[in-house]
Amino acid sequence: MNLNRPLPNILVTGTPGVGKSTISKKLAERTKFAWREVSKLAEEHNCLDEYDAEYQCPFLNEDKLLDIMEGMMAKGGNIVDYHGCEFFPERWFDGVFVIRTNNTTLYDRLSARGYTGKKLEDNIQCEIFETLLEEAQSSYKPEIIMQLQNETPEQLQENIEKIIEWIERWKEQNI
Ligand SMILES: Nc1ncnc2c1ncn2[C@@H]1O[C@H](COP(=O)(O)OP(=O)(O)O)[C@@H](O)[C@H]1O
């Protein structure tokens, strides 16, 4: 969808631990796009409501967050990094990249992050059941959704290159 943005907006989504931040940070350095870490934005702009004891994380005030992000998204050139995607307006994104990681690698990464018990199990199940992929598929057109496998440093590099190539193609087709 081209809404006369001079640069595309990209969504980098997937289960926690798949490598969204790592990819987004490197991509932002290479492209000079703005890296929008949604969890950080929510914190900075007081969009977190009371704490959910079961899931050990605060509730997100989605409407407030969307209002804050709307202005940022208008000009394009954003890399939005979040473990969810269905509450963003569809018109915001030109490309949706769903990052994937196998269970054993994800388990190791999340354990290293200090996740245990239900939180760890729920996140592994989220990846096994392809929850974020399904969420992306029910929220965006199939032609803008791409899955990227991200287990090794080599794949990390390949994924960055693939997204940069995608940006270059978008520019050729839309400017
Ligand atoms: N392709 C990769 N190869 C090896 N380690 C990776 C790769 N991508 C990410 N990691 C590591 O996995 C961990 C989780 O990555 P992170 O970017 O924080 O995930 P997310 O933002 O999806 O929660 C970090 O320690 C990061 O260094």
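It should be emphasised that the depicted structure is a prediction, and the values quoted were computed from it without experimental measurement. Counting starts at 1 for both ligands and their atoms, in listed order.
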Colleague: So between His83, Arg113, Lys25, Gln155, whose heavy atom ends up nearest atom 23 (O) of ligand 1?
Modeller: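 Result: the heavy atom closest to atom 23 (O) of ligand 1 is in Arg113.
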Colleague: Which atoms of ligand 1 are found less than 4.0 Å from any heavy atom of Leu156?
Modeller: 1 (N)
Colleague: For a 4.5 angstrom cut-off between non-hydrogen side-chain atoms, does Phe97 reach Ile145?
Modeller: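 No, side chains not in contact.
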Colleague: Name the option, out of Thr22, Thr105, Ile99, Thr15, that contains the heavy atom nearest to atom 9 (C) of ligand 1.
Modeller: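 Selected option, by shortest heavy-atom distance: Thr22.
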Colleague: Give the atom numbers and elements of ligand 1 that come within less than 4.0 Å of a heavy atom of Thr152.
Modeller: 1 (N), 2 (C), 3 (N)
Colleague: Run the salt-bridge test on Glu121 and Lys118 with the 4.0 Å N-O cut-off and return the result as yes or no.
Modeller: no
Colleague: Just to check, does Glu154 reach to within less than 4.0 Å of ligand 1 when the distance is taken from its heavy atoms?
Modeller: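 No, Glu154 has no heavy atoms under 4.0 Å from ligand 1.
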Colleague: For atom 19 (O) of ligand 1, find the nearest protein heavy atom and state the residue, atom name and distance (0.1 Å precision).
Modeller: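 Looking at atom 19 (O) of ligand 1, the protein heavy atom closest to it is Gly19 N, 3.1 Å.
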Colleague: Do the side chains of Lys25 and Glu29 get close enough for a salt bridge, i.e. N-O under 4.0 angstrom?
Modeller: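 A salt bridge links Lys25 with Glu29.
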Colleague: Would you say Arg109 contacts ligand 1, with heavy atoms under 4.0 Å as the rule?
Modeller: yes
Colleague: Considering Gln157, Lys26, Lys20, which one's heavy-atom position lies nearest to atom 22 (O) of ligand 1?
Modeller: Lys20
Colleague: Between Glu151 and Gln149, is the side chain to side chain donor-acceptor pair (under 3.5 Å) condition met? List the steps.
Modeller: CA-CA 6 Å; Glu151 278 120 29; Gln149 205 64 30; 2.6 Å; yes
Colleague: Within the structure provided, determine whether Arg30 and Ile164 are in side-chain contact (heavy-atom separation under 4.5 Å).
Modeller: yes
Colleague: Quick one: does ligand 1 sit under 4.0 Å from the side chain of Glu151, the backbone, both or neither, non-hydrogen atoms only?
Modeller: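 The backbone, only.
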Colleague: Would a 4.0 Å cut-off, counted as strictly less than, catch a protein heavy atom around atom 15 (O) of ligand 1?
Modeller: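 Yes, there is a protein heavy atom closer to it than 4.0 Å.
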Colleague: Looking at Lys20 and Glu37, is there a salt bridge between them, counting it only when a charged N and a carboxylate O are closer than 4.0 Å?
Modeller: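 Answer for the salt bridge query: no.
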Colleague: Among Thr101, Asn150, Ile23, which residue places a heavy atom closest to atom 8 (N) of ligand 1?
Modeller: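 Checking each option, the heavy atom nearest atom 8 (N) of ligand 1 is found in Asn150.
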Colleague: Indicate if Trp35 and Ile167 have the same hydrophobic cluster label, given that clusters are the connected sets of ILVMFWY residues with side-chain heavy-atom separations under 4.5 angstrom.
Modeller: no
Colleague: So is Pro16 polar-close to ligand 1, meaning N/O to N/O under 3.5 Å?
Modeller: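 Min N/O separation from ligand 1 is not below 3.5 Å for Pro16.
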Colleague: Counting distance only, does the side-chain N/O of Gln147 pair as donor-acceptor with the main-chain N or O of Val98 below 3.5 Å?
Modeller: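 No; zero donor-acceptor contacts below 3.5 Å.
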Colleague: Is any side-chain heavy atom of Asn9 closer than 4.5 Å to a side-chain heavy atom of Val80?
Modeller: no
Colleague: Can you find a non-hydrogen atom of Gly14 under 4.0 Å from ligand 1?
Modeller: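 Distance cut 4.0 Å: Gly14 fails for ligand 1.
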